[in-house]
S.K.: 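After the structure tokens below, expect a handful of questions from me.
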Amino acid sequence: MTGWLRKRRFRGRVWVAAFALAAVLAGCGGGTSSLGPQGGGSGSAQGGSAGAPAGSGGTAAKTITIAYKDDLATLDPAIGYDWTNWPAEKMVFDGLLDYDSTTNLVPRLAASMPEVSQGGKVYTFHLRKGVKFQNGREVTAEDVAYTITRVLDPKTKSPGSGFYTGIEGAQTFVDGKASSVSGIQVLDRYTIRFVLTSPDVTFPNKMALNFAFVVPKEEVAKYGADFGHHPVGTGPFRLVKWTPGQQLVFEKNPDYFLSGIPKVDRVVIQVGVDPTVALLRLQKGDIDIMGDPVPTAELAGMLQDPAWKNRITVAPQVSTIYVAINTRMKPFTDVRVRQALNMAIDKERIVKLLAGQGTVANQILPPLMPGYDPSYKGYPYDPQQAKRLLAEAGYPDGFSTTMECLDVDPQPKLCQSIQADLAQIGVKVDLKTLEASTIIADAGTPNKVPLVWSGGLAWIQDYPDPSDFYGPILGCSSAVQGGWNWAWYCNPQLEQQANQALGILDRTQRLDLYRQIFRKLMDEAVWVPVYNGQYVIAHSEQVVGDVHDFAHPEHTIFYERLSKKG
């Protein structure tokens, strides 16, 4: 399984600055979407112009403009999986399932939640009837089957293929030993069944990922590898113009099957805009939203400025920023050395360096993730005990090691703080600040890097389940060349428990097992969890939306739900 980080994301979307407001989501209610079928209306082909937004109804068109530093690579949902294109893909495409304003799964292209067999291995979805792609053709179960098969096809090179290899026959197909996936079964025009090799209660979550957004086969065939620049889905917006290196323009889909969305006529995504410049444009009213985090140097003042009171949205990010300790490289093969590192780093100071916009992490799971253990206290900040542990492990005078760190502000500053802390217990750290791709390649290579700072590359949830914080980054299958298990930790017993947990239908029992798994991982000190991330979204007062519309825990910016005054 991959976790290409939404993390600006580098998926799991690789995200840089993140900060936490733990209470924001705590009071959020569940429930299902109030959005209902629109009914009627014919599909419309992709087209139109940026100067004539659809659906304006003769009144002034409402446009939301957002600026990002980085360009978007693709809007192909099978491939694009980072900070900017994840929410942009959500404008054009839909999946069978989606999330409500928080993290409750709700039907989208599906007419209802799936039927699940008693053993938890068979999921049957019934599609809404009459939903049309933006080229005018009705969506059928064959399109869903094609979409998932395409993600699994090695030729697609989808970073999300690993999410679906649990479907019966998927691995055989991936290995080129079959021409189709036996576990994907189209029962009729509007019904599709997925048969899994073993029970997996997270399968519905995986069907809500962008990888499972339904695409029309004929449009993929028409554009081939360039489909990502000519996307056609069922979503609330249509891409009508893409000027590489400058901007993308999306217009309202007038025939969208859900009533009430989108709430604006047009969304313009500007790219190639440095965050400092974007902030100036926001202050002048030239843009409505900063897509990237506010520069740290300006953030503290803005948070204290009454003029920004209604213009900054702060929300938790379900992420943990950590130091990965390579458990296969000496001296970190000794758990006492790893535990010493956990006691030597002053996490409170790290949070202060982030302008106070963070919360100290004491465990691997972030507070909003099911399975988080509020009773667990973690390792205390205790440099003297850390020294004693090093002495017991045979390093009374410490040792020298290396840590890699992203070369983007504020990460070098945070790494220098960690370097200074470890020096206090005799651990001399050679700090290497590198670009993201180098760190990812090095960390995913056996015996290459002793320590890796995940800041800017932190793990953000793919879906709200603790399994997403185990298999992709701490499971045995991810401790491989190119994997994301940068601790290179593999515990067969925990692996067996994690596999067992996927099949436990009783939620309480299941989360209890996950708490045991993550407590053991903390006992083994495979990471130093440092802080939990947070979104800080600066925007104009003209843009209106709930906190989760600006910073949804799954979708980040929920464009379809934002509206604009005037």
Side-chain angles (χ1 to χ4, degrees), residues 16 296 320-354 358 360-362 364 378-459 473 484-489 522 524-531:
V16 187
T296 306
T320 300
I321 292 80
Y322 57 95
V323 176
I325 306 173
N326 192 325
T327 59
R328 298 184 185 179
M329 294 182 71
K330 291 186 176 180
F332 302 114
T333 49
D334 191 317
V335 67
R336 293 169 294 186
V337 177
R338 304 195 298 265
Q339 291 170 337
L341 265 58
N342 268 273
M343 293 183 173
I345 295 173
D346 186 347
K347 302 175 184 179
E348 294 283 0
R349 189 167 68 234
I350 297 287
V351 170
K352 289 178 181 175
L353 290 172
L354 291 165
V360 168
N362 63 4
I364 291 169
Y379 293 94
Y381 173 55
D382 189 344
Q384 294 307 313
Q385 177 60 16
K387 286 183 179 180
R388 286 191 284 273
L389 284 169
L390 286 185
E392 290 176 12
Y395 300 97
D397 300 320
F399 55 86
S400 297
T401 189
T402 299
M403 182 167 76
E404 293 194 355
C405 177
L406 189 65
D407 60 356
V408 176
D409 180 64
Q411 307 309 326
K413 182 170 58 177
L414 306 183
C415 288
Q416 289 163 11
S417 179
I418 293 172
Q419 182 186 43
D421 286 339
L422 296 183
Q424 294 298 312
I425 63 169
V427 177
K428 298 175 183 176
V429 177
D430 177 18
L431 199 59
K432 294 184 176 180
T433 54
L434 303 164
E435 61 181 11
S437 59
T438 302
I439 294 174
I440 293 169
D442 288 352
T445 301
N447 302 315
K448 184 76 179 286
V449 189
L451 302 175
V452 181
W453 169 242
S454 78
L457 306 162
W459 193 259
I473 48 179
W484 288 84
N485 186 342
W486 296 346
W488 290 93
Y489 183 78
M522 286 303 297
E524 289 288 288
V526 299
W527 286 6
V528 182
V530 178
Y531 71 94

S.K.: Does the side chain of Val429 reach to within under 4.5 Å of the side chain of Thr402, using non-hydrogen atoms?
M.R.: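 Answer no - side chains too far apart.
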
S.K.: Minimum heavy-atom separation for Gln419 and Leu431, please, with both atom names.
M.R.: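 Closest approach of Gln419 to Leu431, heavy atoms only: NE2-CB, 3.8 Å.
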
S.K.: Does the side chain of Ser417 reach to within under 4.5 Å of the side chain of Leu353, using non-hydrogen atoms?
M.R.: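 They are in contact (side-chain heavy atoms under 4.5 Å apart), so the answer is yes.
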
S.K.: Counting only heavy atoms not in Glu392 (residues, nucleotides, ligands), do more than 12 fall under 6.0 Å from its CD?
M.R.: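 Yes, CD of Glu392 has more than 12 neighbouring heavy atoms, counting only those of other groups under 6.0 Å.
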
S.K.: Just grab all the ring-ring contact (aromatic ring centres under 6.0 Å, His included) pairs involving residues 399-444, residues at least two apart or on different chains.
M.R.: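 Applying ring-ring contact (aromatic ring centres under 6.0 Å, His included) to every pair that reaches into residues 399-444, excluding sequence neighbours, yields Phe332-Phe399, Tyr395-Phe399.
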
S.K.: Which pair of non-hydrogen atoms, one from Ala487 and one from Ala324, has the smallest distance, and what is that distance?
M.R.: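 Taking every non-hydrogen atom into account, N-CB, 4.3 Å.
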
S.K.: Going by the rule side-chain hydrogen bond (donor to acceptor under 3.5 Å, both in side chains), which residues pair with Asp346 if we only count those two or more places apart in sequence or in a different chain?
M.R.: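 Applying side-chain hydrogen bond (donor to acceptor under 3.5 Å, both in side chains) to Asp346 gives none.
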
S.K.: For Lys428, which residues count as a side-chain contact (heavy atoms from CB on, under 4.5 Å) partner, sequence neighbours excluded?
M.R.: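 With neighbours one apart ignored, the set is Ser400.
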
S.K.: Show your working on side-chain contact (heavy atoms from CB on, under 4.5 Å) between Trp527 and Ile473 and close with a plain yes or no.
M.R.: CA-CA 11 Å; Trp527 286 6; Ile473 48 179; 3.8 Å; yes

S.K.: Go through the structure and list residues passing side-chain hydrogen bond (donor to acceptor under 3.5 Å, both in side chains) with Tyr489, not counting sequence neighbours.
M.R.: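 For Tyr489 the side-chain hydrogen bond (donor to acceptor under 3.5 Å, both in side chains) partners, ignoring immediate neighbours, are Asn491, Glu524.
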
S.K.: What is the minimum heavy-atom distance between Ala340 and Ile425, and which atoms define it?
M.R.: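 Closest pair (atom of Ala340, atom of Ile425, distance): O-CD1, 4.3 Å.
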
S.K.: Would you check if Arg349 and Asp421 make a side-chain contact, meaning some heavy-atom pair closer than 4.5 Å?
M.R.: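 Touching, per the 4.5 Å side-chain cut-off.
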
S.K.: Hey, are the side chains of Val427 and Leu390 touching, using non-hydrogen atoms and a 4.5 Å cut-off?
M.R.: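 Yes, their side chains come closer than 4.5 Å.
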
S.K.: Identify, with sequence neighbours excluded, every residue that meets side-chain hydrogen bond (donor to acceptor under 3.5 Å, both in side chains) alongside Trp453.
M.R.: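 By the side-chain hydrogen bond (donor to acceptor under 3.5 Å, both in side chains) rule, Trp453 matches Gln411.
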
S.K.: Between Ile440 and Trp484, is the side-chain contact (heavy atoms from CB on, under 4.5 Å) condition met? List the steps.
M.R.: CA-CA 8 Å; Ile440 293 169; Trp484 288 84; 3.8 Å; yes

S.K.: Do Met343 and Pro380 come close enough that some side-chain heavy atom pair is under 4.5 Å?
M.R.: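 Of all side-chain heavy-atom pairs linking Pro380 with Met343, at least one is under 4.5 Å.
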
S.K.: Kindly state each residue pair satisfying disulfide (SG to SG under 2.5 Å) with at least one member in residues 392-445, sequence neighbours excluded.
M.R.: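 Checked against disulfide (SG to SG under 2.5 Å) - neighbours excluded - the pairs reaching residues 392-445 are Cys405-Cys415.
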
S.K.: Suppose the criterion is salt bridge (Lys or Arg N to Asp or Glu O under 4.0 Å): which pairs have a residue in residues 429-443, not counting sequence neighbours?
M.R.: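 Listed by first then second residue: Asp442-Lys448.
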
S.K.: So, do Leu414 and Leu354 sit near enough that their side-chain heavy atoms are less than 4.5 Å apart?
M.R.: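 Yes, side chains in contact.
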
S.K.: Nearest 0.5 Å please: distance from the CD atom of Gln339 over to the CG atom of Leu389.
M.R.: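 Nearest 0.5 Å value for the CD-CG distance: 6.0 Å.
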
S.K.: Mind checking what makes side-chain contact (heavy atoms from CB on, under 4.5 Å) contact with Ala361, not counting sequence neighbours?
M.R.: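 In terms of side-chain contact (heavy atoms from CB on, under 4.5 Å), with neighbours along the sequence ignored, Ala361 is linked to Thr320, Pro529, Asn532.
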
S.K.: Which pairs, with at least one residue in residues 421-459 and sequence neighbours excluded, count as a disulfide (SG to SG under 2.5 Å)?
M.R.: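 Of all non-adjacent pairs touching residues 421-459, none passes disulfide (SG to SG under 2.5 Å).
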
S.K.: Please tell me whether Trp488 and Trp486 form a close aromatic pair, meaning their ring centres lie under 6.0 Å apart.
M.R.: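 Centroid distance Trp488-Trp486: not below 6.0 Å, so no.
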
S.K.: Who are the side-chain contact (heavy atoms from CB on, under 4.5 Å) partners of Asp397, not counting sequence neighbours?
M.R.: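 Partners of Asp397 under the side-chain contact (heavy atoms from CB on, under 4.5 Å) test: none.
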
S.K.: With Arg388, which residues qualify under side-chain hydrogen bond (donor to acceptor under 3.5 Å, both in side chains), at least two apart?
M.R.: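 Arg388 satisfies side-chain hydrogen bond (donor to acceptor under 3.5 Å, both in side chains) with Gln385 only.
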
S.K.: Less than 4.5 Å apart, any side-chain heavy atom of Leu451 and any of Ile418?
M.R.: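 Result no, sub-4.5 Å side-chain heavy-atom pair not found.
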
S.K.: Within this structure, what is the CG-CG distance for the pair Leu457 and Leu406, rounded to the nearest 0.5 Å?
M.R.: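 Answer rounded to 0.5 Å: 5.0 Å.
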
S.K.: Which side chain to side chain donor-acceptor pair (under 3.5 Å) pairs, counting each pair once, include a residue from residues 323-335, with sequence neighbours left out?
M.R.: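 Pairs touching residues 323-335 that pass the test: Asp334-Arg336.
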
